[in-house]
Novice: 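Please see the structure below; I have some questions.
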Amino acid sequence: MTKRIIGLFLALLLLACMPALAEEPKWSYDAGNMYLIPAENLSGDVTIPSEVDGYLVNAIEDNAFYEQHEITSLTMPDSLRALKGGVISSMDSLTQVTLNDGLEYLGSNFSSCNALTSVTVPASVRIVEGAFSNCANLKEI
């Protein structure tokens with residue numbers, strides 16, 4: 001019985017001394033260039049945060065999700081104003097994208113996203129440069 005109590009005590013002591021396992025951040029923010037950077041490959045339904053490290057997300061790094069084939073949907077934050085070139089490209093599993101009202105610039109995106117069948121572009125978008133190329137199944141914009 002004494003060995004069990006000592007063993008239990010040691011196990012509890014070990015747990016108490018272990019640092020908390022914090023989840024690695026999925027995002028980082030380049031304050032100098034003012035854009036969001038995914039810190040890892042992502043999968044499934046991805047909602048981009050509106051704020052990271054105290055900075056409002058108003059742009060996303062070029063090619064941020066390029067060839068991330070495990071992402072099935074992307075939802076942009078209300079703070080986003082510019083979707084730079086190649087952010088959304090060559091994503092085989094992407095079936096849905098929710099662009100936010102307030103988005104003003106849509107760069108060359110949606111290239112080779114063959115699972116995507118439709119995209120709704122908000123009325124706030126004023127500039128579109130080279131978007132929607134090579135999407136075999138995109139039927140509605």
Side-chain angles (χ1 to χ4, degrees), residues 2-141:
T2 305
K3 286 183 182 181
R4 279 189 179 169
I5 292 173
I6 292 173
L8 181 59
F9 175 75
L10 290 174
L12 289 172
L13 182 62
L14 179 63
L15 285 174
C17 293
M18 287 178 57
L21 297 174
E23 183 179 317
E24 288 293 316
K26 293 181 179 180
W27 311 100
S28 62
Y29 196 82
D30 181 334
N33 294 306
M34 300 181 63
Y35 56 68
L36 180 74
I37 305 166
E40 62 185 49
N41 283 340
L42 301 168
S43 63
D45 299 333
V46 175
T47 299
I48 298 167
S50 60
E51 187 177 301
V52 172
D53 298 332
Y55 296 99
L56 201 60
V57 174
N58 54 18
I60 300 173
E61 178 186 35
D62 290 334
N63 302 313
F65 300 110
Y66 178 74
E67 289 191 347
Q68 289 203 23
H69 301 298
E70 302 300 316
I71 295 176
T72 55
S73 74
L74 281 171
T75 301
M76 303 299 161
D78 289 339
S79 59
L80 191 67
R81 297 295 168 255
L83 194 56
K84 294 178 148 195
V87 172
I88 302 170
S89 62
S90 297
M91 299 173 69
D92 295 337
S93 300
L94 186 67
T95 59
Q96 181 181 357
V97 174
T98 303
L99 298 174
N100 60 300
D101 287 330
L103 183 67
E104 297 172 0
Y105 174 79
L106 183 59
S108 56
N109 284 287
F110 305 103
S111 173
S112 300
C113 294
N114 294 324
L116 197 59
T117 58
S118 73
V119 174
T120 300
V121 177
S124 58
V125 173
R126 295 177 213 185
I127 301 170
V128 178
E129 290 189 37
F132 310 108
S133 66
N134 234 9
C135 292
N137 295 309
L138 187 60
K139 307 289 185 225
E140 182 180 10
I141 299 173

Novice: Are the side chains of Leu74 and Met91 in touch, meaning some heavy atoms are under 4.5 Å apart?
Specialist: yes
Novice: For the CG atom of Leu36 and the NZ atom of Lys26, what is their distance to the nearest 0.5 Å?
Specialist: 12.5 Å
Novice: Can you name the closest pair of heavy atoms from Val87 and Lys84 and give their distance?
Specialist: CG2-O, 3.1 Å
Novice: Between Leu106 and Phe132, is any pair of side-chain heavy atoms under 4.5 Å apart?
Specialist: yes
Novice: When you measure from the side chain of Thr98 to the backbone N and O of Thr75, does any donor-acceptor pair fall under 3.5 Å?
Specialist: no
Novice: Provide the closest heavy-atom pair for Pro122 versus Asp101 in the form atom of the first, atom of the second, distance.
Specialist: CB-OD1, 3.5 Å
Novice: Checking side chain to side chain contact (heavy atoms under 4.5 Å, CB included) against Leu83, which of Val97, Val125, Leu99, Asn100 comes through?
Specialist: Leu99
Novice: Calculate, to the nearest 0.5 Å, the distance between atoms CD1 and OG1 belonging to Ile141 and Thr117 respectively.
Specialist: 11.0 Å
Novice: Identify the heavy atoms of Ala64 and Pro38 that sit nearest to each other, and give their distance.
Specialist: O-CG, 3.5 Å
Novice: A side-chain contact here means heavy atoms from C-beta on lying under 4.5 Å apart; do Ile60 and Met76 qualify?
Specialist: yes
Novice: Examine distances only and state if a side-chain atom of Ser93 and a backbone atom of Thr72 form a donor-acceptor pair shorter than 3.5 Å.
Specialist: no
Novice: Can you give me the closest heavy-atom contact between Cys113 and Ser89, atom names plus distance?
Specialist: SG-CA, 4.0 Å
Novice: Quick check: are there more than 12 heavy atoms from other residues, nucleotides or ligands sitting under 6.0 Å from CD of Glu70?
Specialist: no
Novice: Around atom OH of Tyr105, are there more than 12 heavy atoms of other residues, nucleotides or ligands at under 6.0 Å?
Specialist: yes
Novice: What are the two closest heavy atoms between Asn41 and Gln68, and how far apart are they?
Specialist: OD1-NE2, 3.4 Å
Novice: Once rounded to the nearest 0.5 Å, what's the spacing between atom OG1 of Thr95 and atom CG of Leu116?
Specialist: 7.5 Å
Novice: Looking only at the side chains, is there a donor atom on one of Ser73 and Asp45 sitting less than 3.5 Å from an acceptor on the other?
Specialist: yes
Novice: Could you tell me whether the side chain of Leu94 reaches within less than 4.5 Å of the side chain of Ile88, counting heavy atoms only?
Specialist: yes
Novice: Counting only N and O atoms by type, is there a donor-acceptor contact under 3.5 Å from the side chain of Arg126 to the main-chain atoms of Ala123?
Specialist: no
Novice: Passes side chain to side chain contact (heavy atoms under 4.5 Å, CB included), Phe65 versus Asn109? Steps please.
Specialist: CA-CA 10 Å; Phe65 300 110; Asn109 284 287; over 6 Å; no
Novice: Using 0.5 Å steps for rounding, measure from the OG atom of Ser111 to the CG atom of Leu138.
Specialist: 11.5 Å
Novice: Which atoms form the tightest heavy-atom contact between Ser50 and Ser79, and what is the distance?
Specialist: O-OG, 3.3 Å
